[in-house]
J.: 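So that we are looking at the same thing, I have put the structure below in structure tokens.
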Amino acid sequence: MKKIQMVDLQSQYQKIKDIVDTSIQEVLNSSAYVNGPYVKEFQADLEKYLDVKHVIPCANGTDALQIAMMGLGLQPGDEVITVDFTFAATVEVIGLLNLTPVLVDVEPDSFNIDIEALKKAITPKTKAIVPVHLFGQVANMEAIIEIAKEHNLFVIEDNAQAIGANYTFKDGTKQKAGTIGNVGTTSFFPSKNLGCYGDGGAIFTNDDDLAHIIRGIVNHGMYKRYYHDVVGVNSRLDSIQAAVLKAKLPNLDAYCNARRDAARYYNNAFASNENIITPTSSSCGNICDTCDCHVFHQYTLQITNGKRNELHQHLLDNNIPNAIYYPVPLHKQKAYADERYNEDDFSVTNKLIDTVISLPMHTELDEEQLAFITKTVNDFLK
Ligand SMILES: *Cc1c(COP(=O)(O)O)cnc(C)c1O
């Protein structure tokens with residue numbers, strides 16, 4: 001059996017090696033290392049794929065969030081609501097801009113923002129909501145957009161984990177994750193669903209004015225060379241990373257399908273294990289053949305018999321990598337703890353940190369590996 005990895009970037013690379021190597025060599029030959037043709041080509045390709053008017057590439061997914069908030073003109077003291085259960089980047093940039101983070105709980109089944117908790121957290125100072133499409137599943141955007149409209153709030157989608165996922169509205173229309181709110185952001189970190197071979201990120205919007213503002217912010221606040229109208233940042237996607245991304249983008253749907261196939265295999269294998277809650281996709285409750293709202297950046301189980309930590313060790317002992325995303329809720333992190341928070345408001349997150357475990361998930365898992373992983377888990381949790 002091929003060695004099991006949490007993410008197998010090497011096997012994925014081997015399948016696209018020719019085009020990736022040729023593209024990188026082209027960049028090297030051209031010496032257009034920054035803002036070369038591949039950056040613009042990838043930008044155009046991604047705009048088409050996402051069906052969004054503007055993609056603004058930048059240096060990483062954390063910058064993308066910060067720049068989106070700068071572009072919207074959020075001011076110190078403005079409250080920004082986001083989730084307690086996510087990677088810290090989301091709340092980090094809120095803090096860096098001297099905005100006030102307001103953390104709320106998530107839903108136990110989707111791991112995404114709890115709509116009732118969101119409503120409760122809104123105050124006259126609230127200016128924006130940042131839903132995170134956690135583990136690859138789109139949050140309940142229809143409800144979020146409705147609330148945002150009612151209270152005149154911006155919606156910034158942190159789409160670092162769900163690029164390629166679709167959201168289906170009640171009337172049947174579909175839109176790509178990250179293009180539904182005022183602005184969306186993503187990361188091209190190597191292990192993300194569309195990863196480059198270094199750091200990268202992008203911002204998406206259908207708002208022409210906002211796109212113009214953001215294009216200046218990423219480039220030192222310049223709208224005309226050497227005229228700095230606003231305080232900006234330096235955040236660029238380099239040409240080599242853009243060349244890799246342009247080569248990989250045509251495979252993104254196939255990558256999403258491969259992840260869903262692995263998730264479906266896992267779900268079926270764990271269906272009758274009483275100690276396991278398997279992930280669901282919000283559109284049908286399981287992972288049917290047509291589910292496209294979940295692209296399984298992570299495949300995350302909840303272990304209900306208190307043996308999560310033992311399972312973690314047992315899998316490691318059997319050379320099955322696995323991870324706890326996330327072991328500490330943001331409201332308990334030293335950098336983000338605050339007297340404003342009340343433990344009772346985080347009952348779901350506080351439970352999840354003790355029960356979740358993420359299994360190997362990538363585009364190259366084969367059936368032999370999946371059979372071994374699921375048997376090892378099921379035998380241990382009998
Ligand atoms: C990875 C990630 C980010 C940050 O992306 P970087 O490119 O590493 O800066 C932000 N938010 C979420 C939810 C992520 O998973």
Side-chain angles (χ1 to χ4, degrees), residues 6-7 9 42 46 55-70 80-97 99 101 103-104 106-107 110-113 128-139 141 144 155-165 177-178 180-181 183-204 218 233-238 240-242 244-245 248 256 259 294-300 323-330 333 335-336 349 352-353 356 358 361-362:
M6 197 66 189
V7 179
L9 295 173
F42 169 63
L46 189 57
V55 165
I56 300 123
C58 66
N60 58 68
T62 310
D63 274 10
L65 281 163
Q66 178 178 336
I67 293 158
M69 289 178 201
M70 291 168 77
V80 179
I81 300 174
T82 192
V83 283
D84 191 34
F85 190 61
T86 179
F87 181 57
T90 324
V91 70
E92 180 176 56
V93 299
I94 298 172
L96 276 173
L97 294 173
L99 311 172
L103 298 171
V104 300
V106 294
E107 299 172 342
S110 72
F111 308 115
N112 279 329
I113 193 163
I129 308 167
V130 187
V132 180
H133 304 317
L134 202 73
F135 301 152
Q137 174 153 229
V138 195
M141 288 308 290
I144 293 165
V155 176
I156 304 161
E157 297 175 71
D158 182 346
N159 195 33
Q161 300 190 2
I163 194 156
I180 304 163
V183 59
T185 65
T186 202
S187 163
F188 303 122
F189 186 76
S191 64
K192 304 282 159 132
N193 290 26
L194 179 63
C196 56
Y197 296 159
D199 275 305
I203 302 148
F204 321 131
V218 299
V233 296
N234 167 24
S235 191
R236 295 186 279 244
L237 180 71
D238 68 70
I240 290 182
Q241 302 312 331
V244 172
L245 290 165
K248 284 179 82 170
C256 294
R259 288 172 174 274
H294 202 325
V295 293
F296 288 94
H297 176 60
Q298 300 295 344
Y299 179 84
T300 304
I324 312 300
Y325 301 120
Y326 295 92
V328 183
L330 291 178
Q333 299 281 0
Y336 306 111
T349 302
L352 289 176
I353 53 155
V356 288
S358 297
M361 174 50 76
H362 53 79

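Throughout, residue positions are numbered sequentially from 1 according to the sequence presented. First listed ligand is number 1; within each ligand, the first listed atom is number 1.
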J.: Give a yes or no on whether the backbone of L330 and the side-chain of D84 come within a donor-acceptor separation of less than 3.5 Å.
T.: yes

J.: State whether the side chain of N112 and the backbone N or O of Q137 hold a donor-acceptor pair below 3.5 Å, judged by distance alone.
T.: yes

J.: Side chain or backbone, does D199 bring an N or O within less than 3.5 Å of an N or O on ligand 1?
T.: no

J.: Looking only at protein heavy atoms, which one is nearest to atom 9 (O) of ligand 1, and what is the separation?
T.: T62 OG1, 2.5 Å

J.: Is the backbone N or O of G195 less than 3.5 Å from a side-chain atom of K248, with the two atoms forming a donor-acceptor pair by type?
T.: yes

J.: Name the option, out of D158, N60, D63, that contains the heavy atom nearest to atom 13 (C) of ligand 1.
T.: D158

J.: Below 4.0 angstrom from a heavy atom of A160, which ligand 1 atoms are there? Numbered from 1 as shown, please.
T.: 2 (C), 3 (C), 10 (C), 11 (N), 12 (C), 14 (C), 15 (O)

J.: Do any N/O atoms on Q161 end up under 3.5 angstrom from N/O atoms on ligand 1?
T.: yes

J.: Applying the side chain to side chain contact (heavy atoms under 4.5 Å, CB included) criterion to T82, which one of I113, L103, L65, V104 satisfies it?
T.: L103

J.: Quick check for you: to the nearest 0.5 Å, what is the distance between Q241 atom CD and R236 atom CZ?
T.: 14.0 Å

J.: Using distance alone, determine whether F188 and ligand 1 share an N or O pair under 3.5 Å.
T.: no

J.: Which residue, Y326, F87, Y325, forms the side chain to side chain contact (heavy atoms under 4.5 Å, CB included) with L134?
T.: Y326

J.: What do you reckon, does K192 put a non-hydrogen atom under 4.0 Å from ligand 1?
T.: yes

J.: Which residue holds the protein heavy atom closest to atom 8 (O) of ligand 1, what is that atom called, and what is the gap in Å?
T.: S187 OG, 4.1 Å

J.: If the cut-off is 4.0 Å to any non-hydrogen atom of V132, which atoms of ligand 1 fall inside it?
T.: 13 (C)

J.: Rounded to the nearest 0.5 Å, what separates atom CG in D199 from atom CG in D63?
T.: 9.0 Å

